[in-house]
Amino acid sequence: MTAGIYAVRDGLDTLVLEKNVVAGQISTADRVENYPGIPSISGMELMQKFKVHAENTGVNIQNADVSAVRAESDRKVVITDEGEFEALAVIVATGANPKRLGVPGENQFMTKGVSYCATCDGPFYGGQEVIVVGGGDSAITDALILSDIASKVYVVHRRDELRACSVLQKRAFGKGNITFIWDTVVQEIKGEELVDKVILKNVKTDELTEMKIDGVFIYVGISPNTSMVDVEKTDAGFIVTDDRMESSVSGIFAAGDCRRTSMWQVVTAVSDGAVAAISAHEYITSVKYD
């Protein structure tokens, strides 16, 4: 939405293609309290404000499922289930999806005790007990964030050692209210209206344990939605860009969670969108007049 707003303001003929409704990962957040100027708002409401702002600016939004983006000299062809669209520049802002555990209760309690973002939802668990699932950098970083908010943080990891970098491990092992539960996976998430317990399984002994808990934070990776575009990507599929948000293919830009970045937040995605649109305008100008 931000890329669209900036592109229209720069006088570009702009079309935003969206598979279903304008939403994104943030729409699943119960409350957003770290977006400047808006102290507290639901994720879905924030996205609707973005959409209304974009439409009022003159951004044309059309529903279409994009299957491929082809670069043909200076032209880019976007192939969708609603036909083909041609453009001089394309901004890929397709986001990413958190990888799911795939256990009973996970979908049922999403935003009701199940979260994929401590920065977004951690403040709602002040003085409570939570579980962090995972052992990589993201899991341990957010366990540290939660340890300053929650009364107790349990890190549940399917192995007997962490994958996180040594600096993060040292910090986490030094935190008095972080406890590690090794060789264990979450088997089920349970509750009434909100999460109130989990079933844990020891992968070595198959022993099942029921544990009372207030929240479950899941960090088993995220999957970028980038299969439709053939540009340089990381091993995990994130689009590699320069500081202008341009990919390895001239005229194809990326913004937000689909690109290689150090932080997956609304505020950084908004910044990416603005930079990508300005860069796209500069690129189009150079194609037309060079």
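The figures here come from the full heavy-atom set of this structure, side chains too, leaving out hydrogens, waters and symmetry mates.
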- Query: Please walk me through it: do Lys99 and Ile222 pass side chain to side chain contact (heavy atoms under 4.5 Å, CB included)?
  - Reply: CA-CA 5 Å; Lys99 290 182 180 177; Ile222 68 171; 5.6 Å; no

- Query: Between Thr234 and Arg260, is any side-chain donor less than 3.5 angstrom from a side-chain acceptor?
  - Reply: no

- Item | Heavy-atom closest contact (Ala118 atom, Phe217 atom, distance) | CA-CE2, 3.8 Å

- Query: In terms of side-chain geometry, is the basic nitrogen of Glu188 or Lys197 positioned less than 4.0 Å from the acidic oxygen of its partner?
  - Reply: no

- Query: What about Val103 and Ile181, same hydrophobic cluster or not, with Ile/Leu/Val/Met/Phe/Trp/Tyr joined at side-chain heavy-atom distances under 4.5 Å?
  - Reply: yes

- Mind checking the CD1-CD spacing from Ile91 to Glu246? Nearest 0.5 Å is all I need. 11.0 Å

- Query: If every non-hydrogen atom of Leu168 is compared with every non-hydrogen atom of Ile140, which pair is closest and at what distance?
  - Reply: O-CG2, 3.6 Å

- What distance do Met263 atom CE and Ser138 atom OG have between them, rounded to the nearest 0.5 Å? 11.5 Å

- Identify the heavy atoms of Val198 and Leu200 that sit nearest to each other, and give their distance. CG2-CD2, 3.8 Å

- Closest heavy-atom contact between Gly105 and Val114? O-CG2, 4.5 Å

- Query: Which heavy-atom pair separates Tyr125 from Val130 by the least distance, and what is that distance?
  - Reply: CD2-CG1, 3.8 Å

- So CD of Glu193 and CD of Gln108: to nearest 0.5 Å the spacing works out to 11.0 Å

For a quick test of your reading: what N or O donor-acceptor pairs under 3.5 Å do the side chains of residues 70-89 make, sequence neighbours left out?
| unit_1 | atom_1 | unit_2 | atom_2 | d |
| --- | --- | --- | --- | --- |
| Arg70 | NE | Glu72 | OE2 | 3.1 |
| Arg70 | NH2 | Glu72 | OE2 | 2.9 |
| Lys76 | NZ | Asp74 | O | 3.3 |
| Lys76 | NZ | Ser250 | O | 3.3 |
| Lys76 | NZ | Tyr283 | OH | 3.3 |
| Thr80 | OG1 | Glu82 | N | 2.9 |
| Thr80 | OG1 | Gly83 | N | 3.3 |
| Thr80 | OG1 | Gly83 | O | 2.8 |
| Asp81 | OD1 | Asp65 | N | 2.8 |

- Following the transitive rule for hydrophobic clusters with a side-chain heavy-atom cut-off under 4.5 Å over Ile, Leu, Val, Met, Phe, Trp and Tyr, establish whether Val16 and Met47 coincide in one cluster. yes

- Task: Flag yes if Val275 and Ile278 sit in one hydrophobic cluster, no otherwise; membership is Ile, Leu, Val, Met, Phe, Trp, Tyr, and two members link when side-chain heavy atoms are under 4.5 Å apart.
- Result: no

- Message: Just to verify, what does Glu129 make a side chain to side chain donor-acceptor pair (under 3.5 Å) with, not counting sequence neighbours?
- Response: none

- Message: If you define the side chain from C-beta out and look only at heavy atoms, does anything of Thr184 sit under 4.5 Å from Lys201?
- Response: no

- All pairs passing side chain to side chain donor-acceptor pair (under 3.5 Å) where residues 209-225 contributes a residue, at least two apart: Asn97-Asn225, Asp142-Tyr219

- Message: What's the separation between atom CE in Met245 and atom CG in Asp243, rounded to the nearest 0.5 Å?
- Response: 7.5 Å

- Does the side chain of Phe253 reach to within under 4.5 Å of the side chain of Thr241, using non-hydrogen atoms? no

- Message: Counting C-beta onward and ignoring hydrogens, is there a side-chain heavy-atom pair between Asn202 and Asp206 closer than 4.5 Å?
- Response: no

- Hey, are the side chains of Thr285 and Glu282 touching, using non-hydrogen atoms and a 4.5 Å cut-off? no

- Item | Minimum side-chain heavy-atom gap Arg100-Ile218 below 4.5 Å | no

- Message: Just so I know, are the side chains of Val92 and Ile252 near enough to count as touching, which here means a heavy-atom distance under 4.5 Å?
- Response: yes

Less than 3.5 Å apart, which donor and acceptor atoms pair up between the side chains of residues 144-164 and the rest of the protein, not counting sequence neighbours?
| unit_1 | atom_1 | unit_2 | atom_2 | d |
| --- | --- | --- | --- | --- |
| Ser147 | OG | Leu144 | O | 2.6 |
| Asp148 | OD1 | Lys175 | NZ | 2.7 |
| Ser151 | OG | Gly127 | O | 3.2 |
| Ser151 | OG | Gln128 | O | 3.0 |
| Lys152 | NZ | Thr179 | OG1 | 2.7 |
| His157 | NE2 | Glu161 | O | 3.0 |

- Query: Who passes side chain to side chain donor-acceptor pair (under 3.5 Å) against Glu106, sequence neighbours left out?
  - Reply: Tyr116

- Message: Are the side chains of Ile61 and Glu55 in contact, using a 4.5 Å heavy-atom criterion?
- Response: yes

- Item | Euclidean distance, Gln48 CD relative to Ile41 CD1, rounded to 0.5 Å | 10.0 Å

- Note on the structure: For Val69 and Val66 the tightest heavy-atom approach is CG2-CG1, 4.2 Å

- Item | Any donor-acceptor pair under 3.5 Å from Thr14 side chain to Leu12 backbone | yes

- Message: Distance check, rounded to the nearest 0.5 Å: Gln169 atom CD versus Asp137 atom CG?
- Response: 9.0 Å

- Task: Apply the test side chain to side chain contact (heavy atoms under 4.5 Å, CB included) to residues Phe109 and Leu194: give CA-CA distance (whole Å), side-chain angles for both, the deciding distance (0.1 Å), then the verdict.
- Result: CA-CA 7 Å; Phe109 292 107; Leu194 301 173; 5.6 Å; no

- Hydrophobic cluster membership, Val220 vs Ile131, 4.5 Å side-chain cutoff: yes

- Item | Charged N-O contact under 4.0 Å between Lys190 and Asp196 | no

- Query: Can you name the side chain to side chain donor-acceptor pair (under 3.5 Å) partners of Ser166, sequence neighbours left out?
  - Reply: none

- Do we see a donor-acceptor contact under 3.5 Å between the side chains of Gln265 and Asn34? yes

- Should Ile239 and Met228 be regarded as members of a common hydrophobic cluster, given that ILVMFWY residues are connected when their side-chain heavy atoms come within less than 4.5 Å of each other, either directly or indirectly? yes

- Query: Does some side-chain heavy atom of Ser248 sit less than 4.5 Å from a side-chain heavy atom of Lys233?
  - Reply: no

- Query: Has the side chain of Asp242 got a donor or acceptor atom that lies under 3.5 Å from a matching backbone atom of Arg244?
  - Reply: yes

- Message: Please check this pair: side chain of Ser247 against backbone of Val249, looking for a donor-acceptor N/O pair closer than 3.5 Å.
- Response: yes

